[in-house]
Amino acid sequence: MTAASAVLCMWTPWPVRGLCGISAALNLLMIVATPVIGAHGIIDVAAGIALAAASIWVATFHPGRTGKHHPRHSKG
């Protein structure tokens, strides 16, 4: 879960100028250090990154994200 949280912590402040570079650098260091210190293996890091990418995809493209209701759930 270290890699997943690192990717999500990079993605969240991305629109903020000045903060995105610092966040990306620190979180990339955390991802690289995770297998080096023995906290997780390479496959765990890859799975965490894939989980975070799937979460970002759902958060970005989910129909309810914009506040508009999906046609199946609307009344009338």
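Just so it is clear, the structure is predicted and the values come from calculations on it, not from any experiment.
- Residue pairs satisfying the ring-ring contact (aromatic ring centres under 6.0 Å, His included) criterion with at least one member in residues 17-36, sequence neighbours excluded, are absent.
- Remark: the backbone N or O of Thr2 is paired with a side-chain donor or acceptor of Ser5 at under 3.5 angstrom.
- Residue Met10 is tested with Leu26, Ile56, Asn27 for a side chain to side chain contact (heavy atoms under 4.5 Å, CB included); the sole match is Asn27.
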Taking only distance into account, with no hydrogens and no angle test, what donor-acceptor pairs under 3.5 Å do side-chain atoms of residues 34-50 form with protein atoms, sequence neighbours excluded?
residue : atom : partner : partner atom : Å
Thr34   : OG1  : Met30   : O            : 2.7
Asp44   : OD2  : Gly41   : N            : 3.1

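- Without hydrogens or angle criteria, Ser23 side chain to Cys9 main chain gives a donor-acceptor distance under 3.5 Å.
- Minimum heavy-atom separation, Ala52 to Ala4: CB-O, 3.6 Å.
- Summarising the geometry of Pro13 relative to Cys20, their closest heavy-atom pair is O-CB, 4.0 Å, with the distance given to 0.1 Å.
- Looking only at side-chain heavy atoms (C-beta outward), Ile31 and Val7 come within less than 4.5 Å of each other.
- Across all non-hydrogen atoms, the minimal contact from Trp11 to Ala59 is CH2-CB, 4.0 Å.
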